[in-house]
Amino acid sequence: MPCERKPMRYGHSEGHTDVCFDDEGKCVVTCGSDGDVRIWESLDDDDPKSINVGEKVYSVGLKNGKLVTAVSNNTIQIHTFPEGDPDGILTRFTTNANHVTFNSSGSRVAAGSSDFIVKIVEVVDSSQQKTLRGHDAPILSVALDPSDEFLASSSCDGSVAVWSIESQTQVAQWQILQKSSDVSNAKSLCRLAWQPRSGKLLAVPVDLTIQLYDRNTWTHVSTLSDDLISQVVNVVVWSPCGKFLAAGTVGGNLLVWDVEAKLCIERQKHEKGFTVCGMAWHPSGGRIAYTDTEGCLGLLEGVPSSSSTVQSTKVSPKETHDYDDLFDEDDDRGLDEGMSDSRSPVKKPIMEEDDDDDDLMPATGRPRNRGSFLDDDDNSQDPSCVKLDGVPEEDGSSAILPAVGPAVSRPVYEGPMPTQPQRAFQPGSTPVHLMHRFMVWNSVGIVRGYNDDQDNAIDVEFHDTAIHHAMHLTNTLGHTMADLSQEAVLLACEGTEELASKIQCLHFSCWDTHKDWIVDLPKGEDVRTLCLGQGWAAVATSALMVRLFSVGGVQKEIFSLPGAVVCMAGHGEQLLIVYHRGTGFDGDQALGIQLLQLGHKRRQVIHGEPLPLSRKSYLAWMGFTAEGTPCCIDSEGVVRMLNRTLGNMWTPVCNTRDSCKSKSDHYWVVGVHENPQQLRCIPCKGARYPPTLPRPAVAVLPFNLPYCQTTTEKGQMEEQYWRSVLFQNHYGFLSSSGYEIDSEGQSRAEKEQQELLMKMFALSCKLEREFRCVELAEIMTHSVVTLAIRYASRSRRMALAQRLSELALEKASQIQEEEQEEEEPAYQRLICSSFEEMKLLLNFVFQEYLINIFKLQVSGAGKSSSSPAGQPRTTNVLDSMTMSNRKPAPLGSTSKQGKAPVLKPLAPKPKSKVHCVAQIQMFSSPAGSHTLPKTGFQLWLEENRKSILADNPDFEEMDVIKEGMGRFRTLSAEERLNWTERAKGDSDPKKRKREDEEGQVDEQTESDEGRTKKKKPLDTSAKLSAFAFNKE
Amino acid sequence: MDPAEVEFLAEKEMVKIIPNFSLDKIYLIGGDLGPFNPGLPVEVPVWLALNLKQRQKCRIVPPEWMDTDKLEEIREQERKLDTFTPIPSLYYMELTKLLLNHSADNIPKADEIRTLVKDIWDTRVAKLRLSADSFISQQEAHAQLDNLTLMEINTTRSFLLDSLNYMYKLRSNLQPGRSQDY
């Protein structure tokens, strides 16, 4: 079962290192020759807590919140964990200790020093010490038996000894290691390890193998080796369950054996082949942390045997078992392991010991350090008995084991493990524990918090000094959260035992003299996160509530959230809330999101849908783009934006990690802009967060949608097109919510899109993908389709051109339909003017119609297609009408005038056409001699005239028609259609008549319907022939 | 050419600033600048950067090479080699002077940088003098010096040319017969 080797990361400066896990396995603790102990929350933790404990640290052990370190000033020190406060000196040697370790319960510490002495000290009372003398050389490693009976030690004198702690005498000794003069010369660190719980076996790294010694007889029972091992074994650690043994070698190999089967189940190689000098098994198994002599920290994930729980451990290692077997055995073993694992302090309950074979104590040790250990000489061990009171000690590795132990005792659960829910945070802030931190960095400004010895203060600075001058506030309340808008600064602190949680608002844009207000939250309710919008503030609290305030301090709505809040963001009238929707598993978070509109029409836009994040990541930033589109960024650096036109789905628009040069670099996002497309962020070298000093500079990243094959021209254009579409969505949103929009920018974006479509069209044409061409044409606007038709016919693809022209007609009819709705009010307006004028206007319109059609026939649609996308379509017929009204000689109209309408009348939809006709006839009839109602409206009007007159007896004819128009429009579509159907029968003659009257008779306009039908083919063929002509 | 002129030329170099005001693109004869967004770095010529800085309208982002580590490396290189090493900016001296005089508060470790640049300058000018000396003493007819900056050339130009002129006159007086060799 392959495990995953995570890439190494820098942990300490070069030199010897050691590693262990804390009891719960939440943190990895490392020490190094730089004298620091670092506490890593994960391998990706870019801001590990660093505790300086001395000049050099040789070994570290951690148990029950006590951190013991072997330091270069010859002492064993205790620090509290995780605070890192010094807690005294446990013991001293005449020279430095090389290895320090806890016993399984954490009550004792054992340390071996270069002055040949091993000491066992009670943690609570450092005066209770036992000293074991007998080795003739520096001690390499010590290990305390899980049952606190024995202590094993390895020394540079080439011996591995087992001591009875009670009598302080050696009970066994093996001369199995190579002698050396000092730890620095030893070939191996020879880290010993007792089998957890039972302590039946002692594992000793000897040369290229690991030898296991039995506890009862102190005899060698087995040897673990592997062909892969080319250099001596440095470190061995048992899995918390005691089933597996992991070893790290000088050559950088990492191996895991199933001890019972003597099977090497995992082989990994250090990525650079450096010497592994520290290893620790996670308390729950499953992963191994290791460090090398170059100061780097690495992690093996998914180590098969490692699970602390019995089941998991067994299951993974033994693939050969049936599931039933697995479970049975697992349980047994789990119990056993739990019991036998004396080192693990946590695991107290041992249910049963099934593994009796574990009695053997593995002891092998050949100390050869490549690492920077300090043991001294190569004296042979003295089997002299040293009486020690039971002093528990553990190696770094052993320390790990104890941690594992606790997990073991639990009932076995093998499924996905729940993820710790992420804490609430303010978007754009750096972690609270930093002394100098950004409380918020957004598009308005920066709020910095200082909390050091001299000062506890908050600095507010505005990017644009025109908003307000910079402010410096003393932070007497201890605010930890802040948000900043153009109007106000909102600060909040969590409550303490005496003081309630407070919200403070500096409303600097306020015009009266009281610029700030403070609100106390009810007792026991703490602010978790807050945000500011335009004229309002929102605060989410620990009581799963969101409280809204006006920016002046009036309390407004409160409402409950379905889960603990993660963060909030405000923009204009929009409020975005992210909360825990449930428990995530296997590193994933389960977040939900709500988007509320707080304006005059309050509503919820997103109703708590799940928020998509990358696998095993958490939310890192959440907010709005400058244009008001919600946007989120997860810890994997993926930026997602809400796509309002796609049912409020989230579209990934950028991955900031793609721009990072090294793995530990990050981009800390401070703002997203859609126009121009900018992702504003701060590059952080080797960290997730920027420092406040030197002042970081903002960089701009481009967006890049993860489309396929963006190296090809096609992929590139597709990406560009959809990016442009996505980033243009905000225009629609803004205009629908009544904001001003940059219409120039919008038309530019539209033009760009159409150009891209045309390019893609041309590309597909070149590749002879005609179907694809039509697909592309479907997304084009009507005017660009004509361009596409032209292109197709030029490249002699008549079939394609034919299809496209059909498409063009369809599109034209759609446009017509849309226009129809716009036209109606216009007509209404027109009714007010005299009918004579009306008639004149209509004449012009029809004239233009005909002229355009004529032009089409003669010269093709060339002109119209030449400036397709950018040309704003005249919105309705009336535009051209008014135009022609001013110039009563429409025949002389310029090509500019002709351009727009060319496309419009192409294929009027039957229904809308009829409607139009109806109106036209209505206008013309009073002027002409006709009294017969010929249109639906007229029919309807005849029938309803009386009722209108009855309602409004003083109406004139004009008013009646107006009123009638209004009423007619309120009828349902079917009804109106009905009327027009009824009118149809005798409409033809009438129309002809009208045209006669107008003196504009043309063959093509025999009747409106006839014209409509006729025009389609005419138009198409005209275009086609025009292109064919042009081609020559 | 006096140093002020060289400095004037250096003011055309581009430098990044972070404005604290908002302004659309401005169209100048030399090219378009901006748009200026508060908090967002933008490249402008040094003269504008300094002007804005003096009016407290921006912060100046020091050029990439204006960093103690990089300058130390250059200084070591400069000291090691006999020839002139390539310099990150042709106007390093002028820019250092201008930026440090006007916006030392925006440049981390300003004093160290000033010292380092001065060291580099001194080393280079010493080299220049040395090579001029050997040029004259060996009575060479021509010499090639790479990687010199305008300011460095300027410091030595008038003196070197004048002295060569005088020496030529003196020598031609002493050895009238050989004067045509020069």
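In what follows, every heavy atom counts, from backbone to side chain, and hydrogens, waters and symmetry copies are set aside. Letters go in sequence order (proteins before strands), and every chain restarts at 1. Since this is a predicted model, take the numbers as computed values, not measurements.
When the heavy atoms of residues 679-690 of chain A are compared with those of chain B, the residues falling under 4.5 Å are Arg680(A), listed by number.
The 12-atom threshold is exceeded at CD of Glu140(B), counting heavy atoms of other residues, nucleotides or ligands nearer than 6.0 Å. Remark: Phe159(B) CZ is loosely packed, at most 12 non-hydrogen atoms of other residues, nucleotides or ligands lying under 6.0 Å away. Atom CE of Met435(A) is surrounded by 12 or fewer heavy atoms from other residues, nucleotides or ligands within 6.0 Å. More than 12 heavy atoms of other shown residues, nucleotides or ligands fall within 6.0 angstrom of atom OH in Tyr739(A). Crowding of Asp32(B) atom CG: a count of heavy atoms from other residues, nucleotides or ligands under 6.0 Å exceeding 12. The neighbour count for Arg129(B) CZ, taken as heavy atoms of other residues, nucleotides or ligands under 6.0 Å away, does not exceed 12. Heavy atoms from other residues, nucleotides or ligands lying under 6.0 Å from CD of Glu72(B) number more than 12.
Heavy atoms closer than 4.5 Å to chain A are found nowhere in Pro35(B), neither backbone nor side chain. Val670(A) does not touch chain B: none of its heavy atoms, backbone or side chain, sits under 4.5 Å away.
Counting all heavy atoms, side chain and backbone alike, Pro41(B) lies closest to Val698(A) at CG-O, 2.9 Å.
Counting heavy-atom pairs under 4.5 Å between each of Ser22(B), Pro19(B), Pro38(B) and chain A puts Pro38(B) at the top. Note: Thr465(A) leads Thr465(A), Val700(A), Leu693(A), Val444(A) in heavy-atom pairs under 4.5 Å with chain B.
Rounding to the nearest 0.5 Å places CZ of Arg695(A) at 8.5 Å from CG of Asn106(B). Rounding to the nearest 0.5 angstrom, the gap separating the CG atom in Asn37(B) from the CD atom in Gln678(A) is 6.5 Å.
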